[in-house]
Amino acid sequence: DNKFTYLAVQAKQELAYTRSLTEVYELSLTELQQAYVEAFALNDEFLLAKIYEVYGAIYGYMHDYGKSIEYYQKALMSYQQLKYPAHEVEAIYGLASTYRYWKKYKLAIEYYKRYQKAIDFSPNNIDGKFYAAYGIAMSEAEQGNCSQALISIVKAINLEGLIDYKAELYKRKAQCLIDINKLDEAKISLDKTSD
């Protein structure tokens with residue numbers, strides 16, 4: 001009886017997320033609120049959790065990190081209650097990334113490590129392993145912990161991952177190498193960024 005409403009709610013939450021990527025935040029939040037009301041009327045915990053997760057992403061893009069964390073936590077709790085591990089890891093990754101952008105690096109690293117453990121249920125998740133290593137390395141470097149970051153950056157670079165993310169790792173590696181006055185190695189790292 002409600003399958004069309006369910007599909008409409010899914011479409012609205014996806015559209016709200018997509019619009020937020022183009023920085024149309026007010027419209028995104030309005031559409032997401034409509035989706036929330038309909039999902040609440042359906043009493044569908046999964047749809048509500050997905051909406052919380054999208055709220056978390058949108059507020060993160062708006063740099064309202066406190067609200068972003070609040071919504072990602074709601075999504076995570078819902079996914080845990082539903083016993084949906086694949087969605088749990090998405091929420092954990094959202095929390096880690098939000099803490100990183102909020103410059104709360106200790107919490108970011110904690111959640112990236114939690115994400116690393118949480119994806120163990122899917123041993124072939126190559127992308128997840130890379131994103132976890134990338135997040136840890138970038139957080140350590142941004143925190144200014146270059147001695148540890150250099151180790152983590154090498155680990156992340158050696159994993160299969162997206163080349164633009166690897167370019168970011170090489171840039172951070174170069175910055176850390178400059179900080180410790182290893183200019184020749186920094187130049188090599190910058191050359192690899194260009195490659």
Can you list the other members of the hydrophobic cluster that holds [X], where links are side-chain heavy atoms under 4.5 angstrom apart?
{"X": "Leu183", "result": "Ile178"}
{"X": "Leu27", "result": "Val24"}
{"X": "Ile163", "result": "none"}
{"X": "Leu15", "result": "none"}

List, one per line, each side-chain donor-acceptor pair under 3.5 Å for residues 120-132, sequence neighbours excluded.
unit_1 : atom_1 : unit_2 : atom_2 : d
Asn125 : OD1    : Gly128 : N      : 2.7
Lys129 : NZ     : Pro123 : O      : 2.8

Return the [atom1] to [atom2] distance between [X] and [Y], rounded to the nearest 0.5 Å.
{"X": "Ile153", "Y": "Asn158", "atom1": "CD1", "atom2": "CG", "result": "12.0 Å"}
{"X": "Tyr111", "Y": "Ser139", "atom1": "OH", "atom2": "OG", "result": "13.5 Å"}
{"X": "Leu177", "Y": "Ile188", "atom1": "CG", "atom2": "CD1", "result": "9.0 Å"}
{"X": "Glu31", "Y": "Glu26", "atom1": "CD", "atom2": "CD", "result": "11.5 Å"}
{"X": "Tyr105", "Y": "Gln143", "atom1": "OH", "atom2": "CD", "result": "8.0 Å"}

Could you please spell out the steps behind the side-chain hydrogen bond (donor to acceptor under 3.5 Å, both in side chains) verdict for Glu88 and Tyr93? CA-CA 9 Å; Glu88 283 180 44; Tyr93 189 82; over 6 Å; no
With sequence neighbours left out, what residues match [X] under salt bridge (Lys or Arg N to Asp or Glu O under 4.0 Å)?
{"X": "Glu142", "value": "Arg100, Arg172"}
{"X": "Lys171", "value": "Glu168"}
{"X": "Lys12", "value": "Glu38"}
{"X": "Lys187", "value": "Asp191"}

Audit row: Trp102, Ile69, side chain to side chain contact (heavy atoms under 4.5 Å, CB included) steps and yes/no: CA-CA 10 Å; Trp102 201 2; Ile69 293 295; 3.9 Å; yes
Nearest heavy-atom neighbours spanning [X] and [Y]:
{"X": "Tyr79", "Y": "Glu53", "answer": "OH-OE1, 2.6 Å"}
{"X": "Ser152", "Y": "Glu140", "answer": "OG-OE1, 2.5 Å"}
{"X": "Ser28", "Y": "Ile58", "answer": "CB-CD1, 3.9 Å"}
{"X": "Ala174", "Y": "Ser189", "answer": "N-OG, 3.6 Å"}
{"X": "Ala137", "Y": "Leu169", "answer": "CB-CD2, 3.9 Å"}
{"X": "Cys146", "Y": "Asp179", "answer": "SG-OD2, 3.9 Å"}

Using atom types as modelled and distance alone, determine if a side-chain donor or acceptor of Lys74 lies under 3.5 Å from a backbone N or O of Tyr52.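 Side chain of Lys74 to backbone of Tyr52, a donor-acceptor pair under 3.5 Å: no, none is there.
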Quick one: does Ser97's side chain have a donor or acceptor within less than 3.5 Å of a partner on Gly94's backbone?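 No; judged by distance alone, with no hydrogens or angles, the pair does not exist.
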Report yes if the side chains of [X] and [Y] come closer than 4.5 Å at any heavy-atom pair, otherwise no.
{"X": "Glu14", "Y": "Val54", "value": "no"}
{"X": "Ile157", "Y": "Lys192", "value": "no"}
{"X": "Lys50", "Y": "Gln10", "value": "no"}
{"X": "Glu110", "Y": "Leu107", "value": "yes"}
{"X": "Glu90", "Y": "Tyr84", "value": "no"}
{"X": "Tyr55", "Y": "Leu29", "value": "yes"}
{"X": "Leu42", "Y": "Leu48", "value": "no"}
{"X": "Glu45", "Y": "Asn43", "value": "yes"}

In one Ile/Leu/Val/Met/Phe/Trp/Tyr side-chain cluster, 4.5 Å: [X], [Y]:
{"X": "Ile136", "Y": "Ile119", "answer": "yes"}
{"X": "Phe46", "Y": "Tyr72", "answer": "no"}
{"X": "Ile92", "Y": "Ile51", "answer": "no"}
{"X": "Met62", "Y": "Leu21", "answer": "yes"}
{"X": "Tyr115", "Y": "Leu159", "answer": "yes"}

What pairs meet the ring pair (Phe, Tyr, Trp, His ring centres under 6.0 Å) rule with one or both residues in residues 169-195, with sequence neighbours excluded?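 Qualifying pairs: none.
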Please indicate whether [X] has more than 12 foreign heavy atoms, meaning atoms of other residues, nucleotides or ligands, lying under 6.0 Å from its [atom1].
{"X": "Asp164", "atom1": "CG", "value": "yes"}
{"X": "Tyr165", "atom1": "OH", "value": "no"}
{"X": "Asp195", "atom1": "CG", "value": "yes"}

Per the side-chain hydrogen bond (donor to acceptor under 3.5 Å, both in side chains) rule, what does the pair list look like for residues 59-69, sequence neighbours excluded?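 Listed by first then second residue: Tyr17-Tyr61, His63-Tyr65, Ser68-Thr98.
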Go through the structure and list residues passing side-chain hydrogen bond (donor to acceptor under 3.5 Å, both in side chains) with Gln116, not counting sequence neighbours.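 Gln116: no side-chain hydrogen bond (donor to acceptor under 3.5 Å, both in side chains) contacts found.
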